[in-house]
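Please see the structure below; I have some questions.
Computed from heavy atoms alone, side chains included, the values below leave out hydrogens, waters and symmetry copies. Just so it is clear, the model here is predicted, and its values are computed rather than measured.
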Amino acid sequence: YLVDDILLGPLEDVALFLNEKLITRKHASEMFQTYVRLCAENPAIQEYIKAIRRKPGDEDIYSGFDELYKLICTPATRN
């Protein structure tokens, strides 16, 4: 559960803060882009997320993290 508690859970929180407009996309990008990219592009973390999503009812777990990655780490949405 270290991956949940230390990495992905807090990044889900960042996605929630961004969605609720408690922080700006610029701030999220400047402060968390490196961490989001490292987690999202890490093969072991990708497999971990896939494994969790196989459980019934957990198909959308870490969807906020996915959206955060798209918003602050992909070239088309960074600007």
Donor-acceptor pair, Gln46 side chain versus Ala40 backbone, under 3.5 Å?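 Yes: the side chain of Gln46 pairs with the backbone of Ala40.
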Quick test of your reading: applying salt bridge (Lys or Arg N to Asp or Glu O under 4.0 Å), list the pairs with at least one residue in residues 41-51, sequence neighbours left out, ordered by first then second residue.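 For residues 41-51, and leaving out neighbouring residues, the salt bridge (Lys or Arg N to Asp or Glu O under 4.0 Å) pairs sorted by first residue read Arg37-Glu41, Glu47-Lys50.
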The single option from Val3, Ile52, Ile61 passing side chain to side chain contact (heavy atoms under 4.5 Å, CB included) against Leu8: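 The option that passes is Val3.
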Write down the atom of Tyr69, the atom of Val36, and the distance for their closest heavy-atom approach.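 Taking every non-hydrogen atom into account, CA-CG1, 3.7 Å.
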Taking every non-hydrogen atom, the tightest pair across Ile72 and Ala28: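 Taking every non-hydrogen atom into account, CD1-O, 3.8 Å.
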Just distance, no hydrogens or angles: give the donor-acceptor pairs under 3.5 Å from side chains in residues 11-23, sequence neighbours left out.
residue: Glu12; atom: OE2; partner: Gly64; partner atom: N; Å: 3.0
residue: Glu12; atom: OE2; partner: Phe65; partner atom: N; Å: 2.5

Sidechain-backbone polar pair: Asp60 side chain, Ser63 backbone, donor-acceptor under 3.5 Å: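 Side chain of Asp60 to backbone of Ser63, a donor-acceptor pair under 3.5 Å: no, none is there.
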Decide whether Leu38 and Ile45 are clustered together by the hydrophobic rule: side chain heavy atoms of Ile, Leu, Val, Met, Phe, Trp, Tyr closer than 4.5 Å, transitively.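 Leu38 does not cluster with Ile45.
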